[in-house]
2 protein chains.
Amino acid sequence: MHTGRAATRALLTAELGVTRATAGAVAAELEALGLIRVDTRPSGPSGAQGRPSHRLDVAPQGPVVLAAQVHADGFRAALVGLGGEIVATAPGSMTVPADPAHVLGAVVEAGAGLLRGSGRICLGAGLAVPSAVAEPEGTALNPLHLAWPAGAPVRDVFAGQIARVGILGPDGEPVASFVGNDVNVAALAEHRHGAGRGAQDLLVVASGHRGVGGALVLDGRLHTGSSGLALEVGHLTVQPDGRPCHCGSRGCLDVEADPLAFLEAAGRVPGPEVSLLEQCRDLLRAEYGDPAVKAAAHTLIDRLGRGLAGMVNVLNPDRILLGGLHRHLLDADPEALRAVVSDHSLWGRSGGVPVLACALDHNSLVGAAELAWQPVLDDPLAALGG
Amino acid sequence: MHTGRAATRALLTAELGVTRATAGAVAAELEALGLIRVDTRPSGPSGAQGRPSHRLDVAPQGPVVLAAQVHADGFRAALVGLGGEIVATAPGSMTVPADPAHVLGAVVEAGAGLLRGSGRICLGAGLAVPSAVAEPEGTALNPLHLAWPAGAPVRDVFAGQIARVGILGPDGEPVASFVGNDVNVAALAEHRHGAGRGAQDLLVVASGHRGVGGALVLDGRLHTGSSGLALEVGHLTVQPDGRPCHCGSRGCLDVEADPLAFLEAAGRVPGPEVSLLEQCRDLLRAEYGDPAVKAAAHTLIDRLGRGLAGMVNVLNPDRILLGGLHRHLLDADPEALRAVVSDHSLWGRSGGVPVLACALDHNSLVGAAELAWQPVLDDPLAALGG
DNA sequence: CCTATTTTGTTTACCGTCGGCACAAAGTCA
DNA sequence: TGACTTTGTGCCGACGGTAAACAAAATAGG
C-alpha cells in the first residue's frame, strides 16, 4: 500500500491492483487499528448505478506523525494525519547559538506541545532540512543556511531529542525518526497528495532561499541514488561564462537561477526585512510591468529551462513540478518556460513534458510526515501492534 | 532471479537472499527445464571445510537466444547462452539500400543459419541499435548512423522478420523480440557479466562512432525513464562557447567528446579506411607521445569529466563504466579523468565514485541477449513450458 | 582410525498472501 | 416488481516461501 487517495474499497481494489477481497481485508485491518473509519451511510443519490460504496475516511481522532521543517529563519512543527492533512502546526524562530541539538530540541518540544494539546497517538517523526542528506548515515552534508557543520548527524540528533523529550509510540518506545532533504520530501508530498498524483516518473525542482534543489519520485518511491545524493542538480551548467560557483565551475544552476540571482538580474538590492523568496514573488506579481523585472524573469526562465532540459535528457520524467522561485517564474510566463525546455531537450519537441507548479502549501512539512508514515503504510500491523 | 553468476546452490542462497530450500528448488526447476546441469563430481581438494558444493553449470547444449547488433558498417548476429557466453557469431556487411526491413531480414537470416548449424533451441531474440528507442512503441528515434528514418518501428520490423524467417520457440510460435539502445543493453551486460557486477547504481557512458550514449542500471534493472529516453546524455553542456550542436545549443557532450571531436582536437583528418573509433584508439596507443595527441586527450578528458560530474550530481551512481573512446581516454590517463570527475561533482571529493573501463568484448551483443533472456530469468517455466 | 565439526543439499511441515468464486447487499433502470 | 449492476464478504485452495529436522560429504584433530 503506497497510495494516499483511496476513498472506497472499490478504489483501493483498482489502485492496488488486487481483488476486492484483499482490498476489503486491508480496509478491515486499517479500521481495526484505528487508522480509518468506514462510513456506511448512503451519501445521497450518487447517480451511479450499482450498490453504493462505503466511504473510507481517515479516522477523525486517529494517530498522527510529528513533522517538522527547519529553515534559515526558524522552524515549523506540525502534526500530520494519514492522508497528509495538517492537524496542528506551530512556528518557531531560531535563537542565536543555533547548533543542531539546540534547534531540534526546540522543534521536538514544540511538537510535544502540539501532541499534548491534541490527545492523539504519535506513530513516528519526520524532519525536512535544507541540505543533502547522506544515506544511510542520516547526516546533513551542506546545511549552509542553518550554519550547521557539514556532515552533522541530523538523524541521530533528531532521534536523540525525540527520546529525550519522550515522544512515545503505542509500544511505549520513542517513535522512529526520519530525516530528508526538503525538496526530496516535498516531491514525495506532491506525488501523494498534490500536483504529482499519478506520475510515474516525477521530477521536482525548487529554489527556496539560496541554491536549487531537485528530487525524483520513481514509481511512488523517492529516488535518492546510491548514497542519498541524487538530484543535487544545482551544479548543472546553464550559463556559459556565468558567475563563479563555490563548486569550482561557472554558470551553475545554483548561482544562476536562485532568488539572489533573480534580484541581481532585476537590478534590485535584496532587503533584510523579508525573505529573498518573498521579495522575488512580490516583484514578479507587482512589478512585472517593469521592463527590468520582466527581462530578469526571462533571463532566469532561460537558464532554468536549460537546466530542466538537461535533466529531462538524463531522467526522462513524465511530469515536472516547480517550487519556490521557479514556480513563480512559471506563473509569470508559462509558455516561455515550457518552450525553453522543449527546445533544449532532444525529445521534448515531440510530445513535451508537462511542466506544472507545486500545489501544496507546506509540501516539505507534509513530505516529512510521509517519511514517517511510510513504515505504517508498508506494514500497518507491525508499526502499530508491536 | 536476476543474477548471472551463481555457480553453486549455496551462492544462489546468498545472492537471492532466500533459504537453501528455495535455492535448491530453483536449481531443480532450471535443471528440469534443461537450462543448467548439476555437476556432482568432487572438484579435487578444495581446501575449504564442509561438504563440497555441487557446481551448477550452464547446460552445454542448452537453449540460446538470438542476439544481434547493427551499426554503421554492418551488423553482427550471434547465439548467446545463459550466462552471456557467445556460442556462435557471424558478421555481416550492409548493402546500399539499407532500409530497416532489408537489414534486419539479413540479420535474422544470419541468425537462422547459426541456429541451424548449432542444433540449439532458441528462446528469444534481442537487437541492439545505435539509437534511442522509445518505449513501449519500440521505435528508433534517431538512427542517424544507419540512415534509417526517425521513428522507424524497429521492434515491429525485427519481430516481422523473426516471424517471416521462422525463428520458432519450444511452443512452435515465433520467439519474442526485444530491441534496445546499444549503450543501454551494453550496460545490462556489464552489470550481469562484466565490470558492473555487484553495482547497485551503475552508470555507463560510451562513445562508439558519433555522439555519446549513457545508461543506468538500477538494482539490476535497466532504467529507461518514462518512455525509454532516459540517459540521453549527449546534450549536457560541457564546454562554454563550444561548437554548435544540432540540438540548438553549444558545447554539448555529443560534439565535444566523441571520436570526431578527438581527432579534430588532435589535428588529424579522419581517414575513410577504418572506423573513427579505431583511429582514436590507435592514436592514443601509438602516438600518445605526440604533444598534440596528448593535449587533445586531456582536452577531451576534461570535457568528459565535466559531463560525468554532472551525471554524478544528478544520479549519484556507485560505479561508472566507460566504453568506446571514453574507455581509451581512461586508459590513457586514469588519474586525470578521475580527478576531473571528483573536482566537479559536489560530493565526489569525499569518497569518490569508482570510474572503470568496460570489461566485455561485444557487450552490446551480450546485452541484447540479456534482453531476450530476461523473461526466462523472470519466469523460467512460463517461458519454456508454454 | 574414529569422532566432532562444518558446510551443503533435501525433505517435511507449516504459514501467510492472494486469487477465484459464490453469495449477499444495495442501489438504478425499465 | 423484477432484472441488472456494482460493492462488500466469506470460504477454499494454490503458491511461494520459511523454519526446522535430517542426511551427506568433506576437513580437523586426537
Side-chain angles (χ1 to χ4, degrees), chain A residues 1-3 5-33 35-59 220 375-386, chain B residues 1-3 5-33 35-59 220 375-386:
Chain A
M1 148 143 201
H2 64 291
T3 175
R5 203 75 294 149
T8 98
R9 290 183 180 87
L11 288 183
L12 257 187
T13 300
E15 286 198 41
L16 298 183
V18 295
T19 59
R20 287 203 302 275
T22 307
V26 169
E29 183 188 8
L30 294 179
E31 189 185 14
L33 293 171
L35 291 172
I36 64 172
R37 201 188 45 175
V38 179
D39 183 357
T40 55
R41 296 169 312 177
S43 53
S46 66
Q49 205 175 354
R51 173 177 175 173
S53 42
H54 300 166
R55 280 189 41 201
L56 305 179
D57 297 314
V58 174
V376 182
L377 299 177
D378 286 343
D379 190 347
L381 204 141
L384 276 150
Chain B
M1 150 144 201
H2 63 291
T3 177
R5 202 77 295 148
T8 99
R9 291 182 180 86
L11 288 183
L12 257 187
T13 301
E15 285 198 41
L16 298 184
V18 295
T19 59
R20 288 202 302 274
T22 307
V26 170
E29 183 188 8
L30 294 179
E31 189 185 14
L33 293 171
L35 291 171
I36 64 172
R37 202 187 45 176
V38 179
D39 183 358
T40 54
R41 297 169 312 177
S43 54
S46 66
Q49 204 175 356
R51 171 179 175 173
S53 43
H54 298 166
R55 280 188 41 201
L56 305 179
D57 296 315
V58 174
V376 182
L377 299 177
D378 286 342
D379 189 348
L381 203 140
L384 276 149

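In what follows, chains carry the letters A, B, and so on, assigned in the order in which the sequence lines appear, proteins first and then strands, with residues in each chain numbered from 1.
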Looking at every heavy atom in both P380(B) and L377(B), which two are closest together, and how far apart are they? CD-O, 4.0 Å

Test side-chain contact (heavy atoms from CB on, under 4.5 Å) applied to L56(B) and V38(B), L35(B), V26(B), the passing residue: V38(B)

N/O-N/O pairs, protein side and nucleotides 15-17 of chain C side, under 3.5 Å:
none

Nearest-angstrom distance from the residue atom CD of E15(B) to P of dT8(C): 14 Å

Between the CG atom in D57(A) and the CD1 atom in I36(A), the distance rounded to the nearest 0.5 Å is 8.5 Å

Minimum heavy-atom separation for A10(A) to T8(A), with atom names? N-OG1, 2.9 Å

If I compare all heavy atoms of V18(B) with all of A23(B), which pair ends up nearest, and what's the gap? CG2-N, 4.0 Å

Rounded distance [0.5 Å steps], CZ in R9(A) versus CZ in R20(A): 12.0 Å

Looking only at heavy atoms, which two atoms of P375(B) and A383(B) are closest? And how far apart? O-CB, 4.1 Å

What closest approach, in Å, do E29(B) and L381(B) show between heavy atoms, and which atom pair accounts for it? OE2-CB, 3.4 Å

Separation of Q49(A) atom CD from dT5(D) atom C1', in whole Å? 5 Å

At under 4.0 Å between heavy atoms, which parts of nucleotides 7-18 of chain D does protein reach? Answer with one letter per nucleotide, 5' to 3': B base, S sugar-phosphate only, - none. BBBB-------B

